[in-house]
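Working notes, structure below.
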Amino acid sequence: MLELRLVQGSLLKKVMESIKDLVNDANFDCSATGFSLQAMDSSHVALVSLLLRSEGFEHYRCDRNLSMGMNLGNMAKMLKCAGNDDIVTVKADDGGDCVTFMFESPNQDKIADFEMKLMDIDSEHLGIPEAEYEAIVRMPSAEFARICKDLSTIGDTVVISVTKEGVKFSTRGDIGTANIVLRQNTSVDKPEEATIIEMETPVSLTFALRYMNSFTKATPLASQVTVSLSSELPVVVEYKIAEMGYLRFYLAPKIEE
Amino acid sequence: ACLQKKLLDYFNAD
């Protein structure tokens with residue numbers, strides 16, 4: 001028996017809107033630790049890793065580990081039917097072939113339940129080792145989204161370079177080139193507007209903007225985004241989910257042939 | 001030209 005009650009149901013709506021276009025089908029894993037998902041996009045270039053810790057739920061019951069295969073587009077359709085202030089409860093029976101999403105309005109005057117069929121998904125789980133990154137950039141998530149969107153009007157790829165001067169986002173296309181440099185800025189009044197650059201070694205990596213733009217659909221989840229770079233690793237773009245966990249995107253770089 | 005690396009070039013399947 002699985003029963004997860006999330007008072008801030010809008011978080012789950014935002015998570016689904018962030019990942020449904022990147023991944024079609026995925027297994028949600030439930031354990032005593034929390035509700036998690038790891039899935040790659042169909043071309044095995046990008047990976048989504050979600051964790052919602054059990055402590056973040058108002059009620060969390062998971063009698064035994066359960067893996068539920070879901071079509072993310074269909075799940076997103078159902079969650080779209082929840083109001084932004086609704087409490088969302090996810091329910092499933094052990095060994096059952098469906099999952100129920102229950103939506104309660106804040107004053108309990110409307111209760112809806114949506115049942116969705118589960119599916120068998122043969123997914124490849126990747127072991128992602130803990131790594132030390134050469135550079136970690138923390139910046140406003142809206143600024144990151146703006147930069148990725150702007151650059152994708154000029155070119156298809158972005159070169160992200162971190163030096164002691166700051167972080168530079170560059171692209172080139174048929175019409176010309178673009179460079180955007182952000183310097184560290186910790187002097188702002190609001191911490192969510194800060195840009196913080198931790199650099200061990202200068203690093204420069206090239207990524208497909210199509211994927212970066214897809215990751216920025218998670219912008220409503222967090223005011224800040226963390227971009228972790230190492231020359232020998234995929235980039236990690238992380239959105240923290242308030243008090244509960246994270247949504248991380250991994251993207252393999254492009255390299256010169 | 002750039003070659004798009006795959007995640008399996010970096011991470012192992014469990």
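Lettering follows sequence order; numbering is per chain, from 1. In this text the structure is predicted, and so the values were computed from the model without any measurement.
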What closest approach, in Å, do B:Gln4 and A:Ala252 show between heavy atoms, and which atom pair accounts for it?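 Scanning both residues completely, I find the closest heavy atoms to be NE2-O, 2.8 Å.
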Give, for atom CG of B:Leu7 and atom CG of A:Leu233, the distance between the pair rounded to the nearest 0.5 Å.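 The CG atom of A:Leu233 is 11.0 Å from CG of B:Leu7, to the nearest 0.5 Å.
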What is the distance from atom CG of B:Asn12 to atom CD of A:Glu124, rounded to the nearest 0.5 Å?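 Output value for this atom pair is 10.5 Å.
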Checking the side chain of B:Lys5 only, and the main-chain atoms of A:Leu251 only, is there a donor and an acceptor separated by less than 3.5 Å?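 Pair absent, no side-chain N/O of B:Lys5 close to backbone of A:Leu251.
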Near [X] [atom1], under 6.0 Å, is it more than 12 heavy atoms from other residues, nucleotides or ligands?
X: A:Asn179; atom1: CG; result: yes
X: B:Asp9; atom1: CG; result: yes
X: A:Arg138; atom1: CZ; result: no

A:Glu256, part contacting chain B, at a heavy-atom distance under 4.5 Å: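 Both backbone and side chain.
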Ring centres under 6.0 Å, that's the criterion: do B:Tyr10 and A:Tyr250 meet it?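 No, ring centres 6.0 Å or more apart.
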